[in-house]
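Structure record follows, encoded as structure tokens.
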Amino acid sequence: MVGGTFDPLHDGHKRLLTRSFELAGPEGHVVIGLTSDSFASSKIHPIRPFVSRKRDLERYILSRGYSTGWVIEPLEDRYGSAIDADFDALIVSEETLPVAVEINKVRRERRKKKVDIHQISCVLAEDGHWISSTRIYRGEIDVHGHMLK
């Protein structure tokens, strides 16, 4: 499982998705939680509608030619279906690692098996700072981390 807002879909997101498909392997299945419009509304910058973000994710995944099965499901809160679903691993960035730790804590409280947490390193922009949707929205960098200001 992996989750996010994915708006805009940048190189950091692509690393996260690539690692998810690598870990699942051709016989596995990747569940992508995509923040719903209501959940994404808490962001500090405007977010495109769920259907647009989902379409972009689907196009990117299909362009990669993965043989792994996958599904995109709405993410209505921090945890989504990760609290109760039967799965093996969460793939997170440095930024979202604390949420994965919380998920395992809640799973333990609910007597669910612990899941493995795989953390990727965030992709750095040209200035050595993380690529983030907020920085892209502010016009500091593009989706590849190239400086714009």
Side-chain angles (χ1 to χ4, degrees), residues 1-125 129-138 141-145:
M1 286 191 147
V2 62
T5 304
F6 301 102
D7 189 42
L9 185 61
H10 58 66
D11 286 357
H13 294 136
K14 291 175 181 179
R15 177 180 286 176
L16 188 68
L17 290 164
T18 297
R19 186 67 180 134
S20 300
F21 280 90
E22 288 171 354
L23 285 168
E27 302 300 318
H29 190 79
V30 176
V31 176
I32 303 160
L34 179 61
T35 55
S36 67
D37 289 335
S38 60
F39 184 41
S41 69
S42 64
K43 294 283 188 179
I44 61 172
H45 55 82
I47 303 295
R48 291 177 310 127
F50 179 88
V51 293
S52 299
R53 293 179 286 124
K54 183 178 179 188
R55 182 188 61 236
D56 287 352
L57 266 176
E58 290 169 339
R59 284 181 182 157
Y60 173 72
I61 293 166
L62 291 170
S63 77
R64 303 289 298 172
Y66 297 118
S67 58
T68 306
W70 56 277
V71 64
I72 299 172
E73 62 182 31
L75 189 58
E76 300 290 347
D77 58 36
R78 292 169 61 88
Y79 308 134
S81 63
I83 297 299
D84 294 310
D86 181 25
F87 68 104
D88 299 314
L90 281 165
I91 296 75
V92 297
S93 67
E94 298 166 63
E95 188 177 23
T96 56
L97 178 62
V99 177
V101 172
E102 288 176 29
I103 286 169
N104 263 338
K105 181 179 180 230
V106 174
R107 287 180 66 85
R108 183 174 53 249
E109 291 167 358
R110 293 183 179 203
R111 301 196 184 326
K112 298 284 185 185
K113 76 174 178 100
K114 179 182 170 189
V115 296
D116 292 337
I117 299 172
H118 295 267
Q119 177 189 315
I120 63 150
S121 57
C122 289
V123 176
L124 301 180
H129 297 284
W130 292 347
I131 294 176
S132 73
S133 298
T134 301
R135 294 188 70 204
I136 295 166
Y137 174 74
R138 288 181 185 151
I141 59 173
D142 67 13
V143 295
H144 303 294

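Quick note: residue numbers are just sequence positions, from 1. Everything quoted here is computed from the prediction, not taken from an experiment.
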A side-chain contact here means heavy atoms from C-beta on lying under 4.5 Å apart; do [X] and [Y] qualify?
X: V143; Y: I131; answer: no
X: C122; Y: R15; answer: no
X: L17; Y: V2; answer: yes
X: R108; Y: K114; answer: no
X: T5; Y: L34; answer: no
X: P8; Y: H13; answer: no
X: H29; Y: V31; answer: yes

How many angstroms lie between [atom1] in [X] and [atom2] in [Y], if you round to the nearest 0.5 Å?
X: S133; Y: K43; atom1: OG; atom2: NZ; result: 6.5 Å
X: D11; Y: L124; atom1: CG; atom2: CG; result: 11.5 Å
X: D37; Y: I47; atom1: CG; atom2: CD1; result: 9.5 Å
X: K112; Y: I103; atom1: NZ; atom2: CD1; result: 14.0 Å
X: R19; Y: H118; atom1: CZ; atom2: NE2; result: 7.0 Å

Measure from the side-chain N and O atoms of [X] to the backbone N and O of [Y], and report whether any donor-acceptor pair falls under 3.5 Å.
X: R64; Y: R59; value: no
X: R53; Y: L9; value: no
X: R135; Y: W130; value: yes

E109 CD: over 12 foreign heavy atoms closer than 6.0 Å: yes
E95 CD: over 12 foreign heavy atoms closer than 6.0 Å: no
Test item: side-chain donor near acceptor, S81 and E73, under 3.5 Å: yes
Distance-only side-chain donor-acceptor flag, S132 / T134, under 3.5 Å: no
Which atom of [X] lies closest to which atom of [Y], heavy atoms considered:
X: G28; Y: T68; answer: O-CG2, 3.4 Å
X: I141; Y: A125; answer: CG2-CB, 4.0 Å
X: E76; Y: S38; answer: OE1-OG, 3.6 Å
X: S93; Y: L16; answer: N-CD1, 4.0 Å

E58 and R55 ion-paired at < 4.0 Å: no
R48 with D7: basic N within carboxylate O range, under 4.0 Å: yes
Residue from I32, T35, D56 passing side-chain contact (heavy atoms from CB on, under 4.5 Å) with F6: I32
Sequence neighbours excluded, every pair satisfying ring-ring contact (aromatic ring centres under 6.0 Å, His included) that has a member inside residues 35-66: F21-Y66, H45-Y137
Under 3.5 Å donor-acceptor pairs involving side-chain atoms of residues 84-92, not counting sequence neighbours:
residue	atom	partner	partner atom	Å
D84	OD1	R110	NH1	3.1
D84	OD2	R110	NH1	2.9
D88	OD1	K113	NZ	3.2

